[in-house]
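What follows is a short report on a single structure.
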Amino acid sequence: MARTTPHHRPTSEGASEGRPLYWRIATQLLGELRAGTISPGERLPSERHLAAHFRVSRETVRQALEVLRRDGLVSTDRRGTHATLTGLPVESSTYLDFPVGARSAAPDACDRATVAWEAPPPEHAAELGIAPLRPTLVHRYRSATADGSGLRTAVTSFSAVALAEVDELARYRDRADGSCAAQLRRTYDWMRRAGLTLHHRDTITRLADGPSVRVTRRVHDQYARILEITDLVVDARQDALVYEFTLPAAG
């Protein structure tokens, strides 16, 4: 009679010493899924990127993904491998949305977001204190309906402080090639969990060449250190408006 090896589900809690290397990689990936670093439905980085990120072979990554796939934590189709595990709940508050304006009023809007390690827009670099052409984590967001209406685009640049203080953001550096889907909806939640009090200043201005408006969000922490700048352009008709609010660090 053939002998079978019992299947044990990986866990992000407890030691993984003595486990095979692929099991330890699966456990690390599971931790990112549970923390919300990889959102449900989000496409995981390629095997090549994961191998470089964890400094292991692609075969080890394949074995790790297979462990998660057997437990229904990820799924694979012709578009790639996607996260299926639901992350920790985000606090229900409209001003925790990232980026600003990410929730479109159109029910049929299609959203796409990516991250890249690249030089930010010059105006962002100047405010973030980044030298010209020096790269940082840049998030790009686009939302539009099937007919192209209701277009919203946003570009966010993160500061060195944000990447140093917020582990979940720092993890994106090695896989930020501009093609990996990355909503980062939990960004503000991650910042608060890192002990940061968030001070937002949103400036809304009408663009001169059409009905669109630009929303520029600047986020600082309790030490007046800038964390990120977002420029959102939406098709709308409204007067310029400036408002501020503060989110305390998570208790």
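- With Ser159 contributing its side chain and Ile226 its backbone, the two residues share a donor-acceptor pair below 3.5 Å.
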Walk me through it: do Asp231 and His124 pass the test side chain to side chain contact (heavy atoms under 4.5 Å, CB included)? CA-CA 9 Å; Asp231 275 317; His124 286 195; 2.8 Å; yes

Between Glu118 and Arg140, does a side chain to side chain contact (heavy atoms under 4.5 Å, CB included) hold up when you go through it step by step? CA-CA 12 Å; Glu118 64 184 26; Arg140 298 182 183 278; 2.7 Å; yes

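- Here Arg218 pairs with Glu127 in a salt bridge; the nearest charged N to carboxylate O distance falls below 4.0 Å.
- Shown here for Ala194 and Val166, the closest heavy-atom pair between the two residues is CB-CG2, 4.3 Å.
- Of the listed residues (Thr60, Val61, Val56), just one forms a side chain to side chain contact (heavy atoms under 4.5 Å, CB included) with Tyr22, and that residue is Thr60.
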Test side chain to side chain contact (heavy atoms under 4.5 Å, CB included) on Gln63 and Ile25 and set out the steps. CA-CA 9 Å; Gln63 291 176 311; Ile25 300 304; over 6 Å; no

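- In terms of hydrophobic clustering, with Ile, Leu, Val, Met, Phe, Trp and Tyr side chains grouped at heavy-atom distances under 4.5 Å, Val233 and Val138 are assigned to different clusters.
- Of all non-hydrogen atoms in His199 and Gln222, the two that sit nearest each other are NE2-CA, 3.8 Å.
- Within the 4.5 Å cutoff, the side chain of Tyr223 has no heavy atoms near those of the Val161 side chain.
- For the residue pair Ala162 and Leu227, the shortest heavy atom distance occurs at CB-O, 3.4 Å.
- Taking Glu123 as the reference, nothing meets the salt bridge (Lys or Arg N to Asp or Glu O under 4.0 Å) condition, with sequence neighbours excluded.
- At least one side-chain heavy atom of Glu168 sits less than 4.5 Å from a side-chain heavy atom of Arg193.
- Both Trp190 and Leu137 belong to a single network of hydrophobic side chains, linked directly or stepwise wherever heavy atoms of I, L, V, M, F, W or Y lie under 4.5 Å apart.
- Annotation: side chain of Thr230 is not in contact with side chain of Tyr141 (no heavy-atom distance under 4.5 Å).
- Trp117 and Leu128 fall into different hydrophobic clusters, defined by Ile, Leu, Val, Met, Phe, Trp and Tyr side-chain heavy atoms under 4.5 Å apart, directly or through other members.
- For the pair Arg225/Leu196, a side-chain contact is recorded, criterion being any heavy-atom separation below 4.5 Å from C-beta on.
- Cluster membership check: Leu169 does not share its hydrophobic cluster with Ile130, using side-chain heavy-atom separations under 4.5 Å among Ile, Leu, Val, Met, Phe, Trp and Tyr.
- A 6.0 Å sphere centred on CZ of Arg134 holds no more than 12 heavy atoms belonging to other residues, nucleotides or ligands.
- At least one side-chain heavy atom of Arg70 sits less than 4.5 Å from a side-chain heavy atom of Glu66.
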Derivation of the side chain to side chain contact (heavy atoms under 4.5 Å, CB included) call for Leu29 and Phe54: CA-CA 10 Å; Leu29 279 170; Phe54 291 112; 4.0 Å; yes

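- Counting heavy atoms from C-beta on, the side chains of Phe98 and Arg217 never come closer than 4.5 Å.
- Residues Val155 and Phe158 do not share a hydrophobic cluster, defined by chaining ILVMFWY side chains whose heavy atoms lie under 4.5 Å apart.
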